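Worksheet for the structure shown next.
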Amino acid sequence: MAMATTDNTKELKFAAYMNYASILYNKEENINEAVSVLQSCLRSTEYGGVRRQLGELYEKMGRPNDALRMYSIGAKYGDLDALYHLGMAYMNPSTIDGLSINPDKKLAIECFTKIAEINDPNFTDFFGSKTGRVIRYLNSLYAELYYETYNETYLNQSIRWGSRYSDDLFVCDLLQQLYQEGLSDSKEFKTYDDWLKHIKKKYAIDSDVDVEVPIAKSKRPNTYVLIVANEDYEFEAKVPFAARDGNIFFKYINQTLGVPKENIRLLTNASLNKFKYELSWFNDVLKTHPKSKAIVFYAGHGLPSEDSTTSYLLPTDGYAKNVHSGLDISEIISSVSKNSEQSLFIFDACFSGAKRDGKMITAARGVAIKQSKPILQNNSIVFSACSGTETAYSYDDQQHGLFTYYLLKSLKDNKGKITLGELSDHVISEVTKTSIDVNKKIQTPNITVSDDIKASWRNIDF
């Protein structure tokens with residue numbers, strides 16, 4: 001089997017190797033050869049799925065410590081199943097036969113919280129939502145820590161997560177126990193149901209745009225969407241709520257705008273190679289559908305170039321001090337707009353070198369740098385979270401980027417039936433006002449339009 005070497009074929013190559021290993025084990029019962037196939041990939045990939053699959057095979061071979069090591073690395077590279085395996089092992093080491101480690105509730109909570117916060121709607125198995133199961137574990141683990149320490153923080157966290165999954169039988173039993181013991185203000189309520197309503201409101205995790213997402217009657221089969229949500233960086237600061245931004249934007253694109261799931265690609269915590277591969281796939285799809293419309297959404301870190309002529313999107317394995325570890329935004333816009341009939345780019349990032357809290361990503365870049373606007377062509381529009389040297393802030397109360405929150409809010413309130421002119425007017429107004437009220441700083445979203453649609457863009461439907 002010849003191994004391709006280009007960035008654009010890496011992910012496909014490793015998926016093929018994983019499928020081949022599955023065939024070797026499941027159909028030919030040759031576990032040693034399956035392991036050998038996966039081991040041959042380790043030096044040339046950061047793909048977490050390879051490590052996770054190898055860990056599963058190590059479990060079957062009675063190599064528990066090797067399995068745990070593979071799950072740990074796979075989790076680091078963003079594989080949710082690896083993270084799940086790791087959390088289960090820390091919660092109950094007996095889930096991996098022969099594993100001789102002590103249970104560690106806090107490490108299990110750390111793993112499960114990452115899964116719950118990403119809230120991937122596709123993270124399921126035969127038994128249903130694995131995210132829901134993780135929330136149940138968080139409810140239980142925090143309760144155990146509370147009874148061990150009587151630390152109110154653990155109690156609050158247990159109830160916080162439990163209130164999100166209160167219909168689950170196990171969660172319901174635990175919440176009723178806490179109610180009967182008179183914990184967390186429960187003595188003030190005559191019935192369990194009244195207390196449950198109280199804690200759901202008090203510990204609400206979902207933003208108001210995350211729930212009751214409108215459902216479209218019509219479909220948009222000719223629209224293709226690439227969503228990149230980079231929250232957890234290996235070498236740089238975290239971008240609060242970026243993963244949630246991407247997941248909920250996916251919901252609105254699919255449910256409210258009617259874009260089929262198979263037309264949407266969602267990347268959470270994308271590395272450079274993953275980003276490049278998916279961008280190449282996206283352009284290939286657009287080329288084969290010449291009348292298509294394209295939407296690119298990005299939430300994460302942005303960087304200025306040294307000469308202020310362009311900007312870069314930073315993958316999760318990139319370095320803020322090295323813009324060449326990122327992707328040139330001008331090249332992305334140029335390739336996508338060239339291959340589509342109409343393109344919309346939405347960036348919840350600032351390109352001044354700042355984080356969502358207003359501080360600089362790296363101390364070496366101590367001042368913000370004003371960027372020139374991208375040169376657009378072929379019916380393309382760029383909608384950015386902020387202007388010039390401003391910062392794209394988070395909106396902690398709603399657990400989203402401030403810009404993304406009002407973008408989603410506009411789509412929800414209008415059930416997706418809104419023009420770009422109406423949308424931009426509302427988002428710019430609300431973000432500017434809220435940023436002053438909440439962050440005491442100016443954030444002004446900016447829209448840039450190619451010359452060929454300057455006279456008509458406001459009437460284009462989102």
Side-chain angles (χ1 to χ4, degrees), residues 208-209 213-220 222-227 245 248-259 264 286 291-299 329 332-334 336-338 340-351 371-388 390 392-393 395 398 400-436 442-462:
D208 58 21
V209 297
V213 176
I215 299 176
K217 294 181 180 179
S218 59
K219 301 296 180 184
R220 299 190 186 184
N222 294 322
T223 298
Y224 294 86
V225 185
L226 178 64
I227 303 170
D245 288 345
I248 303 303
F249 187 74
F250 177 100
K251 274 190 178 182
Y252 276 85
I253 288 293
N254 174 236
Q255 294 180 205
T256 308
L257 299 185
V259 179
I264 311 169
L286 296 176
K291 296 296 183 180
S292 61
K293 295 183 179 180
I295 299 175
V296 176
F297 175 91
Y298 175 81
I329 194 172
I332 294 173
I333 292 173
S334 176
V336 172
S337 60
K338 180 178 66 176
S340 58
E341 184 176 71
Q342 180 185 303
S343 54
L344 172 64
F345 302 87
I346 302 171
F347 299 124
D348 195 345
C350 56
F351 300 97
Q371 293 299 297
S372 59
K373 292 183 179 181
I375 299 174
L376 305 182
Q377 56 188 356
N378 195 26
N379 299 334
S380 56
I381 299 168
V382 175
F383 198 11
S384 300
C386 57
S387 304
E390 296 171 359
Y393 288 98
Y395 192 4
Q398 294 293 337
H400 277 289
L402 180 59
F403 172 74
T404 295
Y405 170 76
Y406 280 109
L407 176 72
L408 299 174
K409 181 73 169 168
S410 294
L411 292 176
K412 180 177 182 176
D413 291 347
N414 293 279
K415 298 182 179 179
K417 297 180 179 180
I418 187 170
T419 66
L420 288 174
E422 293 167 339
L423 179 77
S424 63
D425 287 347
H426 182 262
V427 172
I428 291 171
S429 173
E430 293 299 320
V431 169
T432 303
K433 181 175 63 177
T434 305
S435 184
I436 289 290
I442 295 175
Q443 178 180 339
T444 315
N446 176 266
I447 195 157
T448 308
V449 184
S450 60
D451 289 340
D452 46 3
I453 54 172
K454 276 189 175 180
S456 60
W457 74 270
R458 290 187 59 85
N459 296 319
I460 297 174
D461 290 332
F462 184 88

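Bear in mind the structure is a predicted one, so any value in this text is a computation, not a measurement.
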Do the non-hydrogen side-chain atoms of Leu407 and Ile346 ever get within less than 4.5 Å of each other? yes
Output all residues satisfying side chain to side chain contact (heavy atoms under 4.5 Å, CB included) with Ile442, sequence neighbours left out; order by chain, then residue number. Glu390, Ile436, Thr444
Contacts of Asn459 that satisfy side-chain hydrogen bond (donor to acceptor under 3.5 Å, both in side chains) - sequence neighbours left out: none
Calculate, to the nearest 0.5 Å, the distance between atoms OG and OH belonging to Ser435 and Tyr406 respectively. 10.0 Å
Can you name the salt bridge (charged side-chain N to carboxylate O under 4.0 Å, His left out) partners of Asp425, sequence neighbours left out? Arg458
Donor-acceptor pair, distance only, cut-off 3.5 Å: does the side chain of Gln342 make one with the backbone of Ser380? no
With Tyr395, which residues qualify under ring-ring contact (aromatic ring centres under 6.0 Å, His included), at least two apart? Tyr405
Please name all residues satisfying ring-ring contact (aromatic ring centres under 6.0 Å, His included) with Phe249, sequence neighbours left out, ordered by chain then number. Phe297
Once you round to the nearest 0.5 Å, how far does CD1 of Ile381 lie from CD1 of Ile333? 12.0 Å
Check: Leu420 and Leu344 side chains under 4.5 Å, non-hydrogen atoms: yes
Which pair of heavy atoms, one from Ala294 and one from Val336, lies closest together, and at what distance? CB-CG1, 3.7 Å
Which atom names give the shortest non-hydrogen contact between His400 and Ile248, and what distance separates them? CE1-CG1, 3.7 Å
Set of side chain to side chain contact (heavy atoms under 4.5 Å, CB included) partners for Lys338, sequence neighbours left out: none
Taking only residues two or more places apart in sequence, or in another chain, which ones meet Thr223 in a side-chain hydrogen bond (donor to acceptor under 3.5 Å, both in side chains)? none
Pairwise distance OG(Ser410) to OH(Tyr252) - rounded to 0.5 angstrom: 10.0 Å
Which residues pass the ring-ring contact (aromatic ring centres under 6.0 Å, His included) test with Phe383, not counting sequence neighbours? Phe403
Has the side chain of Asn222 got a donor or acceptor atom that lies under 3.5 Å from a matching backbone atom of Ser292? no
Any pair with a residue in residues 443-462 that passes ring pair (Phe, Tyr, Trp, His ring centres under 6.0 Å), sequence neighbours left out, goes on the list, sorted by first then second residue, please. none
To the closest 0.5 Å, what do you measure between CD1 (Ile295) and CD1 (Ile253)? 4.0 Å
Going from OG on Ser424 to CD1 on Ile447, what distance comes out if it is rounded to the nearest 0.5 angstrom? 4.5 Å
Are Ile329 and Tyr298 side-chain neighbours, meaning at least one heavy-atom pair lies under 4.5 Å? no
What pairs with Thr432 under side-chain hydrogen bond (donor to acceptor under 3.5 Å, both in side chains), at least two apart in sequence or on another chain? none
Using a distance-only test with no angle check, is there a side-chain donor-acceptor pair under 3.5 angstrom linking Asp348 and Thr404? yes
Set of residues satisfying side-chain hydrogen bond (donor to acceptor under 3.5 Å, both in side chains) with respect to Lys454, sequence neighbours excluded: Asp451
Could you check if a side-chain atom of Thr256 sits within less than 4.5 angstrom of a side-chain atom of Val213, using non-hydrogen atoms only? yes
Output every pair passing side-chain hydrogen bond (donor to acceptor under 3.5 Å, both in side chains) with a member in residues 411-420, not counting sequence neighbours, ordered by first then second residue. Thr419-Glu422
